[in-house]
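All figures in this text were calculated on a predicted structure; none of them were measured in a lab.
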Amino acid sequence: MQSPNRYRRFADISTSERILNTVFLLTIGLAYIMALINMYYTHQGRDGKPGLSIEDIVIMYHGSSKQTRLGSAITGIMEPNLKYKNDKDVILKWIHDGADKPGYDQDIAPILNRDCVHCHTPSINPSLPDLSNYAGVAEVARAGGATLPALVRVSHIHLFGIAFILFFIGKIFLLCDMNIYVKRVAVVIPFVAMLLDVLSWFVTKNIAQFAYVVVLSGALMGLSMGVQILLSIQQMWFFRKN
């Protein structure tokens with residue numbers, strides 16, 4: 001029987017539990033890489049240039065003084081998705097003329113329903129603007145970044161989902177044999193980074209320079225989560241305490 005003064009470590013778990021923990025951590029790691037790739041393709045090109053930049057993040061949350069989000073998208077990353085190239089001019093003219101509902105019903109809805117709605121629907125991808133109705137299109141057809149309701153919707157999904165993932169990763173990481181104070185700090189860092197990341201979305205909506213905090217906090221969360229995954233796997237299979 002274990003001594004009451006001894007904490008459980010990886011040396012105490014069975015091979016089956018090690019296999020279960022390992023495949024879980026590897027799957028989460030792969031899922032995070034896929035999430036990064038999805039984030040790149042979702043947000044890159046908003047400034048009309050290939051690749052993901054700080055300006056793309058600013059346009060996403062704060063908006064652009066030169067172009068609306070919809071205008072930036074169809075002149076950048078989303079332009080290849082338009083079946084007919086002259087549809088871009090139709091949409092830009094509609095935006096320039098005030099983005100009214102009659103023009104949307106007559107000219108814009110058929111284009112978006114044909115080329116965009118298969119991805120830009122909340123039930124399919126809640127992180128993307130909703131282009132399935134006039135209200136959603138109007139949000140991105142006028143100057144300004146993400147709306148407050150949109151940020152609230154995405155942030156609550158983000159917080160619920162990521163918090164569960166970080167909890168299970170941290171629960172496994174606590175079985176590592178290392179300084180207890182290092183572990184306590186290590187399991188808290190990704191949660192703090194996640195909260196800072198989400199809060200910085202709302203601040204960036206009003207202060208464009210805060211886009212750097214969005215990038216740095218997101219990077220810190222990913223890095224700290226990756227360290228926990230790698231250290232846990234290393235100690236499960238390769239670490240032997242003298």
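Side-chain atoms of Val213 and Val203, non-hydrogen and from C-beta on, never get closer than 4.5 Å to each other. Using a 4.5 Å heavy-atom threshold, the side chains of Met194 and Leu159 count as touching. Considering only heavy atoms from C-beta on, Asp56 comes within 4.5 Å of Ser53 through its side chain.
Closest non-hydrogen pair, Arg8 versus Leu175, comes out as O-CD2, 3.5 Å. Minimum heavy-atom separation, Ser155 to Val152: OG-O, 3.1 Å. Shortest non-hydrogen contact noted between Val58 and Ala211 is CG2-CB, 3.7 Å. Across every non-hydrogen atom of Gln235 and Asp177, the tightest pair is OE1-N, 2.6 Å. Residues Ser232 and Leu25 share a closest heavy-atom pair of CB-CD1, 3.7 Å. When all heavy atoms of Ala186 and Pro190 are compared, the pair lying nearest together is O-CD, 3.1 Å.
A single hydrophobic cluster is not seen to contain both Leu230 and Ile28; linkage of ILVMFWY side chains at heavy-atom distances under 4.5 Å, directly or through other members, places them apart. One hydrophobic cluster holds both Phe24 and Met225 under the rule that ILVMFWY side chains link at heavy-atom gaps under 4.5 Å. Criterion: ILVMFWY side-chain heavy atoms under 4.5 Å apart, direct or through other members. Under it, Ile13 and Phe238 are part of a common hydrophobic cluster. Follow the hydrophobic side-chain contacts under 4.5 Å out from Leu231 and you never reach Leu30; the two are in separate clusters. Tracing side-chain contacts under 4.5 Å through hydrophobic residues (I, L, V, M, F, W, Y), one reaches Ile57 starting from Val154; they form part of the same cluster.
Applying the salt bridge (Lys or Arg N to Asp or Glu O under 4.0 Å) test to pairs two or more places apart or on separate chains, none has a residue in residues 181-202. Screening residues 104-118 for salt bridge (Lys or Arg N to Asp or Glu O under 4.0 Å), with sequence neighbours left out, gives Asp87-Arg114, Lys101-Asp105. The ring pair (Phe, Tyr, Trp, His ring centres under 6.0 Å) contacts involving residues 74-100 comprise nothing, where partners must be two or more places apart or lie in separate chains. Among pairs with a residue in residues 201-236, those fulfilling ring pair (Phe, Tyr, Trp, His ring centres under 6.0 Å) read Tyr61-Trp201, His158-Trp201, at least two apart in sequence or across chains.
Hydrophobic side-chain contacts under 4.5 Å tie Val117 to no other Ile, Leu, Val, Met, Phe, Trp or Tyr residue. Other residues sharing a hydrophobic cluster with Ile180 under the 4.5 Å side-chain heavy-atom criterion for ILVMFWY residues are Tyr181. Grouping Ile, Leu, Val, Met, Phe, Trp and Tyr residues whose side-chain heavy atoms lie under 4.5 Å apart, directly or via other members, places Leu220 in a hydrophobic cluster with Val185, Ile189.
Of the possible polar contacts, one joining the Asn133 side chain to the Ala135 backbone as a donor-acceptor pair under 3.5 Å is found. His62 places a side-chain N or O within 3.5 Å of a backbone atom of Thr204 that can act as its donor or acceptor partner.
When the ring-ring contact (aromatic ring centres under 6.0 Å, His included) test is applied to Tyr40, no partner is found at least two apart in sequence or on another chain. Partners of His118 by ring-ring contact (aromatic ring centres under 6.0 Å, His included), not counting sequence neighbours: none found. Residues that satisfy the side-chain contact (heavy atoms from CB on, under 4.5 Å) test with Gln106, not counting sequence neighbours, are absent from this structure. By the side-chain hydrogen bond (donor to acceptor under 3.5 Å, both in side chains) test, Asp97 pairs with Lys93, sequence neighbours left out.
Distance CE/Met34 to CE/Met39: 12.5 Å, rounded to 0.5 Å. In this structure, Cys119 SG and Tyr41 OH are separated by 14.0 Å, a value rounded to the nearest 0.5 Å. Going from atom CD1 of Ile91 over to atom SG of Cys116 covers 6.5 Å, rounded to the nearest 0.5 Å. Going from atom CD1 of Ile19 over to atom OG of Ser16 covers 5.5 Å, rounded to the nearest 0.5 Å. The structure places CE of Met236 at 14.0 Å from CZ of Arg9, a figure rounded to the nearest 0.5 Å. Between the NZ atom of Lys85 and the CG atom of Leu82 there is a distance of 7.0 Å, given to the nearest 0.5 Å.
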Please walk me through it: do Leu70 and Leu92 pass side-chain contact (heavy atoms from CB on, under 4.5 Å)?
-> CA-CA 9 Å; Leu70 180 59; Leu92 290 175; over 6 Å; no
Would you please test Met221 and Ile162 for side-chain contact (heavy atoms from CB on, under 4.5 Å) and show each step?
-> CA-CA 10 Å; Met221 187 191 75; Ile162 300 298; 3.9 Å; yes
Residue pair Asp130, His120: steps toward the side-chain contact (heavy atoms from CB on, under 4.5 Å) verdict | CA-CA 5 Å; Asp130 181 9; His120 287 265; 5.9 Å; no
Ile108/Tyr134 under side-chain contact (heavy atoms from CB on, under 4.5 Å): CA gap, chis, key distance, verdict = CA-CA 9 Å; Ile108 307 305; Tyr134 174 71; over 6 Å; no
Show me, pair by pair, the donor-acceptor contacts under 3.5 angstrom made by side chains of residues 163-173, not counting sequence neighbours?
none

